> 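Provided herewith is a single structure, encoded as structure tokens, for subsequent inquiry.
Everything numeric in this text was worked out from a predicted model, so none of it was measured. Sequence positions, counted from 1, serve as the residue numbers for this chain. Read the numbers this way: they start at 1 and go in the same order the structure lists the ligands and their atoms.
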Amino acid sequence: MSSPELIKFEIEEGVAAVGLNRPEKLNSITTDLSSQLLGALSKCKEEDAVRAVILYSEGRAFCAGQDLGEFNPAQGFALPNIGETIERIYNPVVRAIRTLEKPVVCAVQGVAAGAGASLALVCDFVIAANDASFVQAFSRIGLIPDCGGTFMLPRLVGLARATALTMLGEKLSAVEAQQIGLIYKTCEPGALQAEARQLALRLAAMPTRGLGLTKKALNQSLSHTLDQQLTLERELQHQAGQTADFAEGIKAFFEKRSPIFKGN
Ligand code: LHQ
């Protein structure tokens with residue numbers, strides 16, 4: 001019997017749409033969902049036709065984090081080896097998104113809780129419906145933020161706010177999240193999918209290699225010294241300078257026309 005489609009996947013006009021598809025459980029994360037998500041992300045990496053990615057979800061919530069049903073006391077609770085679960089099903093997804101040299105736009109509706117919030121925040125752009133919310137739910141059940149949460153949060157909003165968000169575990173509205181710089185922007189709930197697609201289409205028409213190398217440089221910037229970052233910029237700029245899109249950008253500039261980037 002084939003496993004249910006927990007992840008939707010479609011490539012259209014240079015954009016891969018990757019959808020969490022477990023709405024009846026608020027898209028909470030199981031081993032199967034995570035492994036299908038990883039499969040979709042590796043297709044995004046391998047397929048040259050993919051020049052930008054949208055991560056979205058079905059139903060009323062973006063993602064409620066780990067499926068706590070897997071730890072339900074009524075079903076014979078035994079303290080799980082969470083470290084093993086994290087290494088097997090969570091960390092590979094985070095690494096796949098952060099090292100994908102293509103921009104990832106995340107569309108958030110409803111609540112993004114626990115690892116669901118972290119999953120959104122490791123994407124390059126987060127657009128949220130203005131009635132959406134983010135909850136660092138971990139402290140409510142005695143855990144710590146995972147899925148890159150302790151890496152991203154202080155970088156996005158500073159240590160003081162990251163501490164309050166993670167320790168207090170209070171719900172943060174999307175509007176506040178945008179105001180403190182946690183996410184890129186908010187929009188009307190009915191416009192969410194269209195806004196995310198519009199942004200992804202715009203990114204897909206840009207110089208893909210240059211954007212990928214930009215992401216690589218930004219990934220390093222907050223843990224490098226200035227000298228290390230200057231060296232990295234030199235190396236990556238050398239690579240960007242070898243691309244056909246750079247040649248096209250220069251040519252178009254002198255011909256006073258819009259460039260047509262092909263992503264190579
Ligand atoms: C759920 C869940 C859920 C299962 C709602 N699981 N059913 C990593 C690795 C390994 C281990 C542990 O953890 C981690 C990282 C983590 O992600 S830890 C954090 C896990 N997530 C949470 O603690 C969030 C728990 N959920 C909630 O706090 C609320 O449900 C939220 C704020 C997400 C939504 O609240 P409401 O909109 O009021 O919905 P609800 O609470 O009524 O939930 C609707 C249904 O979904 C309900 O089921 P039911 O059968 O009663 O309709 C919930 O039990 C179920 N559900 N989250 N994570």
> Got a salt bridge between R197 and E10, using NZ or NE/NH1/NH2 to carboxylate O under 4.0 Å?
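No, R197 and E10 are not salt-bridged.
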> I'd like to know if atom 1 (C) of ligand 1 has any protein heavy atom within a distance of less than 4.0 Å.
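No, there is no protein heavy atom closer to it than 4.0 Å.
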> Is the positively charged end of R88 above the ring of Y90, judged by distance under 6.0 angstrom from the centroid and angle within 45° of the axis?
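No.
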> Taking only Lys NZ, Arg NE, NH1 and NH2, and the carboxylate oxygens of Asp or Glu, determine whether E248 and K262 approach each other closer than 4.0 Å.
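Looking at K262 together with E248, the answer is no, because their closest N to O distance does not fall below 4.0 Å.
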> With a 4.5 Å heavy-atom cut-off, do L20 and Y56 have their side chains touching?
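When only atoms from C-beta onward are counted, Y56 and L20 do not touch, as no gap falls below 4.5 Å.
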> Quick check on D48: does its CG atom have over 12 non-hydrogen neighbours (other residues, nucleotides or ligands) under 6.0 Å away?
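Check fails, neighbour count at 12 or below.
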> With a 4.0 Å cut-off on N to O distance, would you call K102 and D124 a salt bridge?
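Salt bridge between K102 and D124, a charged N being under 4.0 Å from a carboxylate O: no.
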> What protein heavy atom is closest to atom 11 (C) of ligand 1, reported as residue, atom name and distance in Å?
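Answer, as residue, atom name and distance: F71 CE1, 3.3 Å.
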> If you measure from each non-hydrogen atom of I29 to ligand 1, which part falls under 4.0 Å: side chain, backbone, both or neither?
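For I29, no heavy atom sits under 4.0 Å from ligand 1.
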> Is there a protein heavy atom less than 4.0 Å away from atom 50 (O) of ligand 1?
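No, there is none.
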> With the threshold set at under 4.0 angstrom, would you say R60 reaches ligand 1 through any of its heavy atoms?
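For ligand 1, residue contact (heavy atoms, under 4.0 Å) with R60 is present.
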> For ligand 1, does D67 get within less than 4.0 Å through its side chain, its backbone, both, or neither, judged by non-hydrogen atoms?
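Contact part for D67 vs ligand 1: both backbone and side chain.
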> Yes or no, since that's all I need: does a protein heavy atom fall within a distance strictly under 4.0 Å of atom 35 (O) of ligand 1?
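No, because not a single protein heavy atom sits under 4.0 Å from atom 35 (O) of ligand 1.
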> Under 4.0 Å from a heavy atom of A64: which atoms of ligand 1 are those, numbered in the order shown and with their elements?
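Numbered from 1, ligand 1 contributes 2 (C), 20 (C), 21 (N), 22 (C), 24 (C), 33 (C), 57 (N), 58 (N).
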> Of the listed options (T30, L68, I82), which comes nearest to atom 23 (O) of ligand 1 when hydrogens are ignored and any heavy atom counts?
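Of the listed residues, L68 has the closest heavy atom.
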> Please write down residue, atom name and distance for the protein heavy atom closest to atom 5 (C) of ligand 1.
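Its nearest protein heavy-atom neighbour is L26 CD1, 3.6 Å.
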> Out of Q136, K171, Q66, who is nearest to atom 13 (O) of ligand 1 when you count heavy atoms only?
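Selected option, by shortest heavy-atom distance: Q66.
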> Would you say D146 contacts ligand 1, with heavy atoms under 4.0 Å as the rule?
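Yes; D146 lies near enough to ligand 1 that a heavy-atom distance drops under 4.0 Å.
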> Would you say that more than 12 heavy atoms from the other residues, nucleotides or ligands in this model lie under 6.0 Å from the NZ of K25, or not?
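Not more than 12 within 6.0 Å, no.
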> How about atom 16 (C) of ligand 1: does it have a protein heavy atom within less than 4.0 Å?
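It does; a protein heavy atom is within 4.0 Å.
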> Answer yes or no on whether K43 is positioned over the face of F9, meaning its NZ or CZ is under 6.0 Å from the six-membered ring centre and within 45° of the axis.
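Geometry flag: set, cation within 6.0 Å and 45°.
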> More than 12 foreign heavy atoms under 6.0 Å from CD of Q198: is that the case here?
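Count not over threshold, so no.
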> Please tell me if atom 46 (O) of ligand 1 is touched by the protein, where touching means a protein heavy-atom distance below 4.0 Å.
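Under 4.0 Å from atom 46 (O) of ligand 1, at least one protein heavy atom found.
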> Charged N to carboxylate O under 4.0 angstrom, E58 versus R22?
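No, this pair does not count.
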> With a cut-off of 4.0 Å, which atoms of ligand 1 are near a heavy atom of L143?
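Per the distance check, 12 (C), 13 (O).
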> Would you say atom 58 (N) of ligand 1 makes contact with the protein, given that contact here means a non-hydrogen protein atom less than 4.0 Å away?
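It does; a protein heavy atom is within 4.0 Å.
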> Test your reading of the structure: does G65 have an N or O sitting under 3.5 Å from an N or O of ligand 1?
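It does not: no N or O of G65 is found under 3.5 Å from an N or O of ligand 1.
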> Measure the distance from atom 9 (C) of ligand 1 to every protein heavy atom, then report the residue, atom name and distance (to 0.1 Å) of the closest one.
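Ranking protein heavy atoms by distance from atom 9 (C) of ligand 1, first comes Y90 CE1, 3.4 Å.
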> Can a salt bridge be assigned to the pair R60 and E24 using a cut-off of 4.0 Å between side-chain N and carboxylate O?
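No, R60 and E24 are not salt-bridged.
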> Does atom 41 (O) of ligand 1 have a protein heavy-atom neighbour under 4.0 Å away?
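Neighbour list for atom 41 (O) of ligand 1 is empty of protein heavy atoms (cut-off 4.0 Å).
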> Find all atoms of ligand 1 within a distance of less than 4.0 Å from any non-hydrogen atom belonging to V111, and give their numbers and elements.
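In order of number, 33 (C), 34 (C).
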> Find out if a path of hydrophobic residues (ILVMFWY) with successive side-chain heavy-atom gaps under 4.5 Å connects F138 to V135.
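Hydrophobic grouping puts F138 apart from V135.
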> When you measure from atom 28 (O) of ligand 1 to every protein heavy atom, which one gives the shortest distance, and what is it?
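The closest heavy atom on the protein side is R140 NH1, 4.2 Å.
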> Any salt bridge linking K216 with E101? Criterion: basic side-chain nitrogen under 4.0 Å from a carboxylate oxygen.
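Between E101 and K216 there is a salt bridge, with a charged N closer than 4.0 Å to a carboxylate O.
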> Is atom 38 (O) of ligand 1 close to the protein, meaning a heavy atom under 4.0 Å from it?
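False for atom 38 (O) of ligand 1.
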